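The structure displayed is predicted, hence computed values, not measured ones. We count ligands from 1, going down the list as the structure has it; atoms in each ligand are counted the same way.
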Amino acid sequence: MKKILVLHTGGTIAMHADEDGDVEVGVENPLNQAQFDLPAVDLDIENIFNLPSEHITPQHMLQLYNRLKDADKDYDGVVITHGTDTLEETSFFLDKTLDLTIPIVMTGAMRSSNELGSDGLYNFQSALRVAIDSEAANRGVMVVLNDEIHAARFVTKTHATNVATFASPISGPMGMITKRQIIFFYDLPKTMTYPIADVSKKIPVMKAYAGMDGQILSLFAESEHIDGIIIEALGAGNLGEDAARGVQKLLDADIPVVIVSRSYNGIAEPVYDYLGGGIQLEKAGAIFARAVNGQKARLKLLIGLENGLSSSALTNFLHEF
Ligand code: ASP
């Protein structure tokens, strides 16, 4: 019989609505009472946190990493329940740090446990089905909700309230779940993982916009309080002239600047050769994180810096899909 470790961390999947319909955290996780229609499986359940996922920080992610880094010695798979608001970040952090081949599956819910059409138990059961599936190993961390399987690498929360909120704009879902089958559409190439022991680096994320002022970037450059910065740049990774001057100040102060696209879909890559264009930003020393959004690039830079990667290793890590 397969043995699965279940880690509950909180989120809407563990919450309930009160008589006014306001969603709140309860003392007892309703998932602890869950009954499933599953083949025989041995579940080891731990309520590691009971937090809304907005309260999850890299420290909590590190705690999950430490709990899981040797999980393959005792378990055939792992399911983590988590709030959906930062689920993509925790899944990505674990994907980039855990060197495991057993399935690690994360899930959550958009409707709390006692709301009409609650999706929590269903998603939890789907995640367990994926975790025990014979084809689920060697796929990195997966996110399972609403009958879809997504790679942590590409998944993002796309809708504030809809149950069909998770999507992988670049790659499409990695698989689907039907009543009787788990179907994987493609295999992803293995990517680099780095162990992690500390998460104290300070890395803000700034969003670019038409007319972005470079002054805020210069202030960061002067403050010496940050270890790196992510800029969600325009289109394929471009900035206005004033913002480009601010980037130069950051680079002059030896602060790593990572460029991603603020676009919802596509790859950031240097294309334009003028002040603020991607080619000039890269020539100046900014690093392109090609296939991730700002919140994921932040975690990649954090992991890279905490591992003391050389500038070329850091660039390769951020370039990688
Ligand atoms: N605010 C909730 C959370 O992330 C949303 C959810 O779980 O769906 O904890």
**Student:** Can you find a side-chain donor-acceptor pair between Tyr264 and Asn293 that sits under 3.5 Å?
**Tutor:** no
**Student:** In terms of atom number and element, which parts of ligand 1 are under 4.0 angstrom from non-hydrogen atoms of Gly11?
**Tutor:** 7 (O), 9 (O)
**Student:** Which residue holds the protein heavy atom closest to atom 9 (O) of ligand 1, what is that atom called, and what is the gap in Å?
**Tutor:** Ser53 N, 2.7 Å
**Student:** What residue and atom, counting heavy atoms only, is the protein's closest point to atom 2 (C) of ligand 1, and at what distance?
**Tutor:** Thr12 OG1, 3.4 Å
**Student:** So that I know where these two stand, are Tyr194 and Phe317 an aromatic pair - ring centroids less than 6.0 Å apart?
**Tutor:** yes
**Student:** State whether the shortest distance between N or O atoms of Asp85 and N or O atoms of ligand 1 falls below 3.5 angstrom.
**Tutor:** yes
**Student:** Is there a donor-acceptor contact under 3.5 Å linking the side chains of Ser171 and Tyr186?
**Tutor:** yes
**Student:** Which heavy atom of the protein is the closest neighbour of atom 8 (O) of ligand 1, given with residue, atom name and distance?
**Tutor:** Thr84 OG1, 2.5 Å
**Student:** Would Phe124 and Phe36 count as a ring pair (Phe, Tyr, Trp, His ring centres under 6.0 Å) if you check the C-alpha gap in whole Å, the side-chain angles of each, and the deciding distance to 0.1 Å?
**Tutor:** CA-CA 9 Å; Phe124 187 22; Phe36 296 110; 5.0 Å; yes
**Student:** Have Asn316 and Glu320 got a donor and an acceptor in their side chains that come within less than 3.5 Å?
**Tutor:** no
**Student:** Using a 4.0 Å cutoff against the non-hydrogen atoms of Gly83, which atoms of ligand 1 qualify?
**Tutor:** 3 (C), 4 (O), 7 (O), 9 (O)
**Student:** Would you say Ala109 touches ligand 1, if touching means a heavy atom closer than 4.0 Å?
**Tutor:** yes
**Student:** Looking only at side chains, do His16 and Ser112 share a donor and an acceptor under 3.5 Å apart?
**Tutor:** no
**Student:** Is there a path of hydrophobic side-chain contacts, each under 4.5 Å between heavy atoms of I/L/V/M/F/W/Y residues, joining Phe288 to Leu217?
**Tutor:** yes
**Student:** Looking at atom 1 (N) of ligand 1, what's its closest protein heavy atom, distance included?
**Tutor:** Glu54 OE2, 2.6 Å
**Student:** Any nitrogen or oxygen of Lys157, side chain or backbone, less than 3.5 Å from one on ligand 1?
**Tutor:** no
